[in-house]
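Notes to accompany the following structure.
What you are looking at is a predicted structure, and each value in this text was computed from that prediction instead of being measured. Atom set for the values below is all heavy atoms of this structure, side chains included, hydrogens, waters and symmetry mates excluded.
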There are 2 protein chains.
Amino acid sequence: MSSEVTLKHIAEALGVSAMTVSRALNDRPNVDEQTKKKIVEKARSMGYRPNHVAKSLVSNKTYTIGVVIPEITHAFFPEVVRGIEEVTYGSDYQLFLTNANEQFSREMEAIRALQSQRVDGILISSSQTVEDFSFYEELLNSRTKVVFFDRCVENLGASCVSVNDRSSSTRITEHLITTHNIKKISYLSGPQEVSVGRKRYRGFMEALEKHNIPVNDDWVIEAGFREKSGYNAMNKLLALPPEDRPEAVVTVNDPCAIGAIQAIGEAGFSIPDDFAVVGFTDDVRAELLKVPLTTVHQPAYEVGKRAAQKLIKTIEHEEEPAENIEVLTTLKIRESCGCGEE
Amino acid sequence: MSSEVTLKHIAEALGVSAMTVSRALNDRPNVDEQTKKKIVEKARSMGYRPNHVAKSLVSNKTYTIGVVIPEITHAFFPEVVRGIEEVTYGSDYQLFLTNANEQFSREMEAIRALQSQRVDGILISSSQTVEDFSFYEELLNSRTKVVFFDRCVENLGASCVSVNDRSSSTRITEHLITTHNIKKISYLSGPQEVSVGRKRYRGFMEALEKHNIPVNDDWVIEAGFREKSGYNAMNKLLALPPEDRPEAVVTVNDPCAIGAIQAIGEAGFSIPDDFAVVGFTDDVRAELLKVPLTTVHQPAYEVGKRAAQKLIKTIEHEEEPAENIEVLTTLKIRESCGCGEE
DNA sequence: TTGTATGCGTTATCAG
DNA sequence: CTGATAACGCATACAA
């Protein structure tokens, strides 16, 4: 029933002004201890809950942070969220998560909604698949503070917290080349409009160049970040004549790798004998697979933590400089690359 | 720089009143087509973004829905979120997710923050671990509409969307009894203050009763919903003298089962020969385990969808009656219960 | 210490 | 079709 108790209601009930109630409830110094006590008590008994909507309209600050995630069912992101929460929990900021479902259009909608709600800042991992930066440029010109994480939009002057995607990709590819002496290597890439898609692809290419391995265009397939896209891409490779097939498959992330592994299994091939496969993420499933997946471990929790810290600093200090923060990955060598069981 | 374009700014720039601008931008009928066009164009060029905070203050409606999740890294919940999104995406409502991290105190904070933001409704899966319902009673008396999902708080008159926890738990337990002729069965339970903890436990007990199997108190251990608690609880069972140990372990959910499985492995025992294990959830990992996990498949996506639909109806129709909606589970028979490979 | 006036950005209402 | 005014709930600035 209690249809919205306001300061005014409390004031009337007590025969004081709304202003005094406001002061008492906000613990301002200039209010009599006795009346303050009375007011606080009355407020509780009436079930008063401050209207942040009104508060925000006055203060132009909402103490909320929005988070834009590309794909909530990709286990990497929930783990990032836990890192973000370690920082925001106990701080004054409340978190609002949104999921873009890998669609840039949804991401824009989410960001617009967040802006309309006047969140103080937004943490974004972008699903961008277009070349047009105007949307982000406008965003960065607004009062809303922005920090990108993992999938960053670069060169716009915003801070970015990510992992060393490029060198990690080089490193895991080189593992195949040097430890397993494999030269026929395929790459299932992510979209090139997304930073991590681009960086990991470049890292892969760099490994080939470094070892003078020529690139076979048939073996570089733009797959995507999901199981299904890895599955489809792998089937394209399997459709090649046997003598034209690669010996190993490097993938943009673990879901993609897991899709590829399924395709390989369904085609009757085995891992790592017929195809070595490596991933990127260290998904919860990676070590549980029948042939555990060699992959790059991304410190998701740490990424979230650093991103949240940077955003709050950016919100609270006008002159906080933008910066790129790279958290380092570690290689997880398991069996899918051909390494024997430890 | 563009520090917050308002209706007034646009009005001044065009020499009309703020009211006319408001009407034009909201596509109201009573405004000249010519002026409307001019206004819409000017608004875009000035980068106008409506201030929902102010809008909400007037309309007392925010077109936002809050979601309270107990544990974002438990894969069941992200999948529920996808179901919720299928409904809200394309509707007028924007979603704000919060994570309670299995702590009731955090859940209360999240709900309070959501209420202060004046969300129109909240979808809650409760982390409640106390017997005090006053917090929820107050919540349900406020203007905020509430629908519980999965972990419901019952008998408060709010709608609830869940699965048939009790009978599913009976069914999977009976599978062990009738198909595998196992009588020495242990139960790793969830907290009894949480609905699903309670219901699944009762379902388990019902199966024993039905088959006249006496309960061994040493075998019923309050574990919890996470890997770690399953791991610890299983170690307690393993500490019993060999002749006092059960032959099978029924668990409250898959994470708990996975923890127990790890403890069993570390102790040098094997599944299902030494211990049969069954779960509840059908986590992504369930079928990937070395011994694939027999479990109850929960239609998470469907739960989310139904809950979101019910909430929106409840928000939009004052007289929408509360109801309990049960979505049915299916049994996933794999090898961890002793069933041979198909 | 307390109260009054005023404004945040938007919309409902009523007048023109 | 358009405009002026008041109101939403709260806090700042100033006055008493």
Report the nucleotide, chosen from [options], that has the shortest atom-to-atom distance to any side-chain atom of [X].
| X | options | result |
| --- | --- | --- |
| A:L7 | C:dT2, D:dT12, D:dC10 | D:dC10 |
| A:N51 | D:dA13, D:dT2, D:dC10 | D:dC10 |
| B:N30 | D:dA11, D:dT2, C:dT11 | D:dT2 |
| B:L57 | D:dC1, C:dG9, C:dT11 | C:dG9 |

_Residue whose closest nucleotide on DNA chain D lies nearer the 5' end, A:V53 versus B:S17_ =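 Nearer the 5' end of the strand: B:S17.
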
*Using heavy atoms to find the nearest nucleotide of DNA chain D for B:V31 and B:V58 separately, return the residue whose nucleotide is more 5′.*
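First, find each residue's nearest nucleotide; the 5'-ward one identifies B:V31.
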
With a 4.0 Å cutoff (strictly under), does any side-chain N or O of [X] reach OP1 or OP2 of [N]?
| X | N | answer |
| --- | --- | --- |
| B:S22 | C:dT11 | yes |
| A:Y48 | D:dG9 | no |
| B:R28 | C:dA12 | yes |
| A:T35 | C:dT1 | no |
| B:T20 | D:dG3 | yes |

*On a plain distance test, is the side chain of A:R118 in donor-acceptor contact with the base of C:dG9 below 3.5 Å?*
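Answer is no: no donor-acceptor pair is held.
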
*Might you confirm whether atom CD of A:E323 has over 12 heavy atoms from other residues, nucleotides or ligands at distances under 6.0 Å?*
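Yes, because the 6.0 Å sphere around CD of A:E323 holds more than 12 heavy atoms from other groups.
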
*Atom CG of B:N155 with >12 non-hydrogen neighbours under 6.0 angstrom*: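 Counting other residues, nucleotides and ligands, CG of B:N155 stays at 12 neighbours or fewer.
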
*Got a second to check how far A:R49's CZ is from B:T144's OG1, nearest 0.5 Å?*
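OG1 of B:T144 is found 9.0 Å from CZ of A:R49.
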
Nearest-angstrom distance from the residue atom [atom1] of [X] to [atom2] of [N]:
| X | N | atom1 | atom2 | answer |
| --- | --- | --- | --- | --- |
| B:L25 | C:dT10 | CG | P | 9 Å |
| B:Q117 | D:dG9 | CD | C1' | 14 Å |
| A:R23 | C:dT2 | CZ | P | 8 Å |
| A:H52 | D:dC8 | NE2 | C1' | 17 Å |
| B:M19 | C:dA15 | CE | P | 16 Å |
| B:E4 | C:dT10 | CD | C1' | 14 Å |
| B:K8 | C:dG9 | NZ | C1' | 9 Å |
| B:N60 | C:dA12 | CG | C1' | 14 Å |

_Any salt bridge linking A:R112 with A:E138? Criterion: basic side-chain nitrogen under 4.0 Å from a carboxylate oxygen._
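Looking at A:R112 and A:E138, the cut-off is not met.
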
*Going by an N to O cut-off under 4.0 Å, is there a salt bridge joining B:E102 and B:R151?*
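Yes, B:E102 and B:R151 are salt-bridged.
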
*Residue mapping more 5' on DNA chain C - nearest nucleotide basis, B:A18 or A:A54*: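 Nearer the 5' end of the strand: A:A54.
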
_With a 6.0 Å cut-off on the ring centroids, do B:F76 and B:Y301 count as close?_
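They do not qualify: ring centres at least 6.0 Å apart.
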
